[in-house]
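Take a look at the structure set out below.
Atom set for the values below is all heavy atoms of this structure, side chains included, hydrogens, waters and symmetry mates excluded. Naming: A, B, ... by sequence-line order, numbering from 1 per chain.
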Amino acid sequence: MNPTDTSAPSNFIHEMIEKDLETGRFDGRVQTRFPPEPNGYLHIGHAKSIVLNFGIAQKYNGKCNLRFDDTNPTKEEEEYVRSIIEDVRWLGYDWGERIFYASDYFDQLYKWAVQLIETGHAYVDDLSAEEIRAYRGTLTEPGKNSPYRERSVEENLDLFERMRAGEFPNGAKVLRAKIDMASPNMNLRDPVLYRILHAPHHRTGDKWCIYPMYDFAHGQSDSIERVTHSICTLEFENHRPLYDWLLDTLGIYHPQQIEFARLNLSYTVLSKRRLIELVENSYVNGWDDPRMPTLSGLRRRGVPPEAIRSFAERIGVARNDSIIDVSLLEYHIRQDLNKRAERRMAVLHPLKIIITNYPEGQVEMLEAVNNPEDESAGKRTVPFSRELYIERRDFNEDPPRKYFRLAPGREVRLRYGYFVTCTNVVKDEHGEIIEVHCTYDPETKGGYAPDGRKVRGTIHWVSAAHAINAEVRLYDRLFTKHNPLDAEEGKDYKDYLNPNSLEVLAGCKLEPSLSEARPGERFQFERLGYFSVDPDTTEGRLVFNRTITLRDTWAKIEKQQRK
RNA sequence: AGGGGCGUGGUGCAACGGCAGCACACCGGCCUUUGGAGCCGUGGAUCUUGGUUCGAAUCCAGGCGCCCCUGCCA
């Protein structure tokens, strides 16, 4: 946090709020809310909204509620409520006692519906869904009034009460607002307010068989909660005139709605509908699959909540449709983890090396720094012995230009160990390298050369006899296309799923200190990337997820050399 | 086509009538016991046409382009 700019407005919403604060509108209160529907898991797009709404409350000494907009019992489930609560908490926010549900307001909403009927602003319509659609008109042609539009107040009251009492089947009748069937804004062409749904609700059970539409619940819920600034995404701007109409004809407290552009991220999709499709059709292994842009997926992947927050703050808030480059998220993840993750050595693709002049049976405990970015993280020791594993890619029999690692006759530094020189390569009958022989210089213990000679390469290693085995799961972007929704003719986003988004490595070799690692813990495997312990880990079976690689400038050089 | 919204480097976000800036990405260099991190640096943008003005990314008008709206979803 930069103390010099805490007062500076950082986006247009902050500016509006500050203006309201200055003019005394809302009596100087700031009240926001995060209003998810519990019909799916939260994703990083929601994180943008959460950080915005809770961040505003923090910045202006206000409050932010958590409210579930649970007006459709056929799509909503308790499991989603549970996961949403967990995810918002994990992100680091607290709503105190202020957890609400639109379903808490069903009684009040019903009364307001009656009030609209009594004042001649709503009516019960017997038209079928298809007929209502036909009567609605099109974007360019006005709609027609329903033949049931002029029913008497008494008849409407009676019918609505009988809807509530369960006398009619699903779809037989709806309650509609009486506004204007010729409005250029489709939302004002007598929108449906209540529909009949004989379905149990996850909170109200069998109490209701009619449920308010989102449009009839959202604005009033904000009103009930005395929300000052009701922040939502751009597609609801067209609904604002309806919310205004409802609030004003009801004569109740009127929050200010402000719309902003939702987050889009490159190489992924951020819509609940599509994420549900990926989960239900097993394109991924559940909502918390580490490839998913869900908060539970990112968490399992090892992404710290702090990284998501700083990312969400960096991307800004505006009204432009945009696609944020996923590399910006990756930057924030690395930025956070670099400072906090302890370093360890791990070999993902093991190649055995034998140090022929190192005494057989000897083991030395060598000191290694836990985090060069944080001295307080301290040090640890790692065992060194005659037989080690190094990364297969850190040896090259025929090294290309600028390759600094091990090769025949070359000397490299084993990190925190010794300088070693490759003397021999052992192959099997297929010509596959199975072993590399080296000699070491006993004078270079710890990786320092007393004569001051330089080596260009430093590689990591694990003592073969002391290594522990692990499974490591490597992830790549879920989609191969920058914008998977921008599909060619006859294709859809699923055609751009990356077939190589998951690679499972068995038999990886880890330094022994990692045997203590517990699910959720994060480490940097030196020279490889950041990894976290997967919850699949059990006693005797260690599983790591690669959160993200380190920046890899060698990969760039290689790429250029291939050209 | 009716209504609503939006156009600033490759990607995002600023600049609120007065020198177009920040971050990421890209490229180059320094440094390095992680080809990590860090540090330094280069290049590159106001959709278009006209108008108002001493002065326009900003205000006005037209054009063009993109997004949203015809669920008893949210």
Between A/Lys272 and A/Asn39, does a side chain to side chain donor-acceptor pair (under 3.5 Å) hold up when you go through it step by step? CA-CA 8 Å; A/Lys272 270 193 211 165; A/Asn39 70 337; 2.7 Å; yes
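- A salt bridge does not link A/Glu526 with A/Arg344: every distance from a Lys NZ or Arg NE/NH1/NH2 to an Asp or Glu carboxylate oxygen is 4.0 Å or more.
- The residues A/Arg149 and A/Asp190 are annotated as salt-bridged, a charged nitrogen and a carboxylate oxygen being separated by less than 4.0 angstrom.
- No engagement by A/Val455 is indicated, since no non-hydrogen atom pair under 4.0 Å with the nucleic acid exists.
- Per the geometry, CD belonging to A/Glu141 stands 16 Å off P belonging to B/rU70, to the nearest Å.
- Of the two residues near RNA chain B, A/Arg195 and A/Leu550, the one whose nearest nucleotide lies more 5' is A/Leu550.
- Here the C1' atom of nucleotide B/rC73 and the NE2 atom of A/His218 are 14 Å apart, to the nearest Å.
- Note on A/Ile557: a base of the nucleic acid sits closer than 4.0 angstrom, heavy atoms only.
- Protein atom CG of A/Leu263 is 11 Å distant from nucleotide atom P of B/rC13, rounded to whole Å.
- Regarding the sugar-base torsion, B/rG71 falls in the syn class, its angle being within 90° of 0.
- Partner assigned to B/rU46 is none, using Watson-Crick or G-U wobble distances below 3.5 angstrom.
- Between A/Arg314 and A/Arg415, the residue whose closest nucleotide on RNA chain B is further toward the 5' end is A/Arg314.
- B/rA23 atom C1' lies 11 Å from atom CD1 of A/Ile324, rounded to whole Å.
- Using P as the reference atom, B/rU58 and B/rC19 are 14 Å apart when rounded to the nearest Å.
- Across the C1' atoms, B/rC13 and B/rC69 are found 28 Å apart, a figure rounded to whole Å.
- A cation-pi arrangement, defined by a distance under 6.0 Å to the six-membered ring centre and an angle within 45 degrees of its axis, is absent between A/Arg67 and A/Phe100.
- Salt bridge annotation for A/Glu37-A/Lys75: absent, with no cationic side-chain nitrogen under 4.0 angstrom from a carboxylate oxygen.
- Among the protein residues, A/Ala318 comes within range of the sugar-phosphate backbone only, with heavy atoms under 4.0 Å from sugar or phosphate atoms but none that close to a base.
- Listed nucleotides: B/rC24, B/rG12, B/rC26. Nearest to the side chain of A/Tyr331: B/rC24.
- For A/Arg551, the listed nucleotide lying nearest its side chain is B/rA37; candidates were B/rC27, B/rA37, B/rG5.
- The CG-P distance, from A/Leu234 to B/rC68, rounds to 11 Å in whole Å.
- For A/Asp325 and B/rG12, the CG to P distance is 9 Å, given to the nearest whole Å.
- For A/Glu235, the side-chain atoms get nearest to B/rC68 when compared with the rest of B/rC68, B/rU34, B/rG12.
- The gap from the C1' atom of B/rG21 to that of B/rA15 amounts to 7 Å, rounded to the nearest Å.
- A/Leu528 comes within 4.0 angstrom of nothing in the nucleic acid, heavy atoms only.
- One can place CZ of A/Phe236 at 9 Å from P of B/rA74, the figure rounded to the nearest angstrom.
- Base contact: A/Glu526 has a heavy atom under 4.0 Å from a base atom.
- Ring-plane geometry between A/Tyr243 and A/His239 is classed as tilted, the angle between the planes lying from 30 to 60 degrees on a 0 to 90 degree scale.
- Around CZ of A/Arg456, the count of heavy atoms belonging to other residues, nucleotides or ligands within 6.0 Å does not exceed 12.
- When distances are taken from the side chain of A/Phe404 to each of B/rG71, B/rG35, B/rC24, the shortest belongs to B/rG35.
- Using a 4.0 Å cut-off, no side-chain N or O of A/Arg262 falls inside it from OP1 or OP2 of B/rA74.
- Of the candidates B/rU34, B/rG2, B/rA37, the closest approach to any side-chain atom of A/Pro372 belongs to B/rU34.
- Rounded to whole Å, the separation between the P atoms of B/rU42 and B/rG29 comes to 15 Å.
- Taking the P atoms as reference points, B/rU8 lies 11 Å from B/rA14, given to the whole Å.
- Distance A/Asn238 CG to B/rU70 C1': 12 Å, rounded to the nearest Å.
- Judged by distance alone, with hydrogens and angles left aside, A/His332 brings no side-chain donor or acceptor close enough to the base of B/rA23 to form a pair under 3.5 Å.
- Side-chain N/O atoms of A/Lys556 include one lying less than 4.0 angstrom from OP1 or OP2 on B/rC27.
- Nucleotides B/rG38 and B/rA20 place their C1' atoms 29 Å apart, quoted to the nearest Å.
- Of the candidates B/rU34, B/rU70, B/rA74, the closest approach to any side-chain atom of A/Thr458 belongs to B/rU34.
- Only the P atoms considered, B/rU70 is 13 Å distant from B/rA74, to the nearest whole Å.
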